[in-house]
Number of protein chains: 2
Amino acid sequence: MTKTMKISEAVVRRLPIYLRFLNELSKKNVTTVSSQDLGQKLDLNPAQIRKDLAYFGEFGKKGIGYDVDYLIEKIRQILKIDKVIPVALVGAGNLGRALCNYNAYLKDNMKIVAVFDAQGTKIGESINNLKVKSMDELCPIIQELKVRIGIITVPAAEAQAVANQFVESGVEAILNFAPIIIKVPSEVRVHHADFTAELQSLAYYLD
Amino acid sequence: MTKTMKISEAVVRRLPIYLRFLNELSKKNVTTVSSQDLGQKLDLNPAQIRKDLAYFGEFGKKGIGYDVDYLIEKIRQILKIDKVIPVALVGAGNLGRALCNYNAYLKDNMKIVAVFDAQGTKIGESINNLKVKSMDELCPIIQELKVRIGIITVPAAEAQAVANQFVESGVEAILNFAPIIIKVPSEVRVHHADFTAELQSLAYYLD
DNA sequence: TAGATTGTTAATCGATTAACAATC
DNA sequence: TAGATTGTTAATCGATTAACAATC
């Protein structure tokens, strides 16, 4: 089953969740884990976890479970974060700063290597050892640093223009925090991190 | 179809997306919109949009479409954001500050009315006209201000403890930004806003 | 060997999409 | 009236879960 199968988005979204918990286990020197254990901790069905992993290979041992460190290695390979991935961020506001500082935490190979802002007053400021650059420099810097993923933390009104610049510069995927649906060519992947929508949908479940 | 039906989570998550775009239309004085138009702008199937809305009532007119302002009103009612919902936030770090400042933007009736932090140095600071309070005051303040939703922006190690405090104080729903699965009683709704996971799953789609 | 747990198939469940009568 | 678009049913598609042979 390792070969050409289209893996559903739902599966891909669970992999980082598995990875994070496995990292915790590894830190605690737990060497083996079963789909049972994982399911309990992550509120997921064990069969689902086994099936998710089986899309990519046979990582477990019958009767035993999964070797924690081996599974970590495999999931990192699947997610392509076994090598450092250079990331750029546009929008040095509060949220942008928060993400840059978070950077240290995500030692999981996603590294913010450049920060841009349109506002003159922000340019030159330092955020977490990175100097904020002007938008004019976006394309050359992205190409020089081989940035593959772009993060958008600008107001909604500017998000589409930033996305366009990312695409023109050759960015392959975008994480958009602006509360608007941005349009990009189909070969560019966009995820929306939309906490106002998240908050509003929570309200629905109030009694 | 208006009566007792369990509405799927996927449907509820789309409502804020509809709402946001409808608000834009309203600002531009567009009075009517079809499921066709909506689908095109939001990258969704028109049939799905009609079906989503039909779960809650007959809001459209055959041959015409939906009245923008009427639909806005209805969706706000469905999401229960037709009245102000008091929200509390714990964790006055970069991300917490970002969300508090965002507050102004979400005039959509989700109002952050209290901010807490465990760190002594943060207590007393002002963020967007709110004084940061100590964790000791969490329970009484939440009850006094009738806070219904809690936001967690503390490090992963502290998230579960904060969730517990929220639950004990009577909070009904939680938006968790900490990269960990928190456990709460089944009557409390939790959404996870997890951008490290989001970023990692993006990497999968790189070539 | 007996017990545990995987990988995988089959069964179930749920969500999306197509199609169309009703009707503005 | 003719054209457009809803609300809704039926068809399709896809994802989750159960079950179990294989095997450590």
Side-chain angles (χ1 to χ4, degrees), chain A residues 1-15 17-18 21-22 25 30-75 78 181 201 204, chain B residues 1-15 17-18 21-22 25 30-75 78 181 201 204:
Chain A
M1 246 201 198
T2 314
K3 282 283 161 173
T4 36
M5 264 208 115
K6 43 158 194 17
I7 308 294
S8 92
E9 199 177 311
V11 173
V12 175
R13 281 178 182 278
R14 282 190 292 267
L15 295 178
I17 310 297
Y18 301 156
F21 183 63
L22 290 164
L25 289 179
V30 178
T31 58
T32 292
V33 70
S34 69
S35 60
Q36 194 68 230
D37 300 339
L38 281 168
Q40 193 147 30
K41 286 294 181 180
L42 302 177
D43 277 334
L44 295 169
N45 183 301
Q48 180 171 66
I49 295 173
R50 293 201 299 280
K51 198 159 203 279
D52 284 354
L53 296 173
Y55 283 118
F56 304 99
E58 304 198 1
F59 303 142
K61 286 209 185 5
K62 292 190 176 69
I64 309 285
Y66 300 90
D67 182 277
V68 171
D69 288 329
Y70 179 70
L71 192 52
I72 287 173
E73 192 192 323
K74 284 301 173 185
I75 294 182
I78 296 163
I181 308 291
S201 67
Y204 173 81
Chain B
M1 250 203 195
T2 313
K3 281 282 160 173
T4 36
M5 265 208 113
K6 38 151 198 27
I7 307 296
S8 91
E9 200 176 311
V11 173
V12 175
R13 282 180 181 279
R14 282 190 292 268
L15 295 178
I17 311 297
Y18 302 156
F21 183 64
L22 290 164
L25 289 179
V30 178
T31 57
T32 293
V33 70
S34 69
S35 60
Q36 193 70 229
D37 300 339
L38 280 168
Q40 193 146 31
K41 286 294 182 179
L42 302 177
D43 278 333
L44 296 169
N45 183 302
Q48 181 170 67
I49 295 174
R50 293 200 299 279
K51 198 160 203 278
D52 283 354
L53 297 173
Y55 282 119
F56 304 99
E58 304 198 1
F59 302 143
K61 285 209 189 1
K62 291 189 175 71
I64 310 283
Y66 299 91
D67 181 277
V68 171
D69 288 329
Y70 179 69
L71 192 52
I72 287 173
E73 192 191 322
K74 284 300 173 186
I75 294 182
I78 295 163
I181 308 290
S201 67
Y204 174 82

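Letters A, B, ... mirror the listed sequences (proteins, then strands); counts begin at 1. For the numbers below, each heavy atom of this structure counts, side chains included, while hydrogens, waters and symmetry mates do not.
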Could you report the tightest heavy-atom contact between B:Ser35 and B:Arg50, atom names first, then the distance?
OG-NH1, 3.0 Å
Looking only at side-chain N and O atoms, does B:Tyr66 come under 4.0 Å of OP1 or OP2 in D:dG7?
yes
The nucleotide from D:dT6, C:dA18, C:dG7 with an atom nearest the side chain of B:Asn45 is C:dA18
Around atom CD of B:Gln36, are there more than 12 heavy atoms from other residues, nucleotides or ligands closer than 6.0 Å?
no
Rounded to the Å, how far apart are B:Glu58 CD and D:dG7 P?
6 Å
Answer yes or no: does a side-chain N or O of B:Ser35 lie under 4.0 Å from OP1 or OP2 of D:dT5?
no
So what is the 5' to 3' dot-bracket string for DNA chain C, if pairs are Watson-Crick or G-U wobble with both distances under 3.5 Å, crossing pairs use [ ] and | means the partner sits on another strand?
..||||||||||||||||||||||
Report yes if a side-chain nitrogen or oxygen of B:Arg50 is closer than 4.0 Å to either non-bridging phosphate oxygen (OP1 or OP2) of D:dG7; otherwise report no.
no
Does a side-chain N or O of B:Ser8 approach OP1 or OP2 of C:dA15 to a distance below 4.0 Å, or not?
yes
Can you give me the closest heavy-atom contact between B:Val68 and B:Leu22, atom names plus distance?
CG1-O, 3.5 Å
Any A:Arg14 side-chain N or O less than 4.0 Å from OP1/OP2 of D:dT16
yes
Here the pair of heavy atoms bringing A:Asp52 nearest to A:Arg14 is OD2-NE, 2.6 Å
Tell me whether the count of non-hydrogen atoms from other residues, nucleotides or ligands lying under 6.0 Å of CD in A:Gln40 goes above 12.
no
Looking only at heavy atoms, which two atoms of B:Asn45 and B:Ala47 are closest? And how far apart?
OD1-N, 2.7 Å
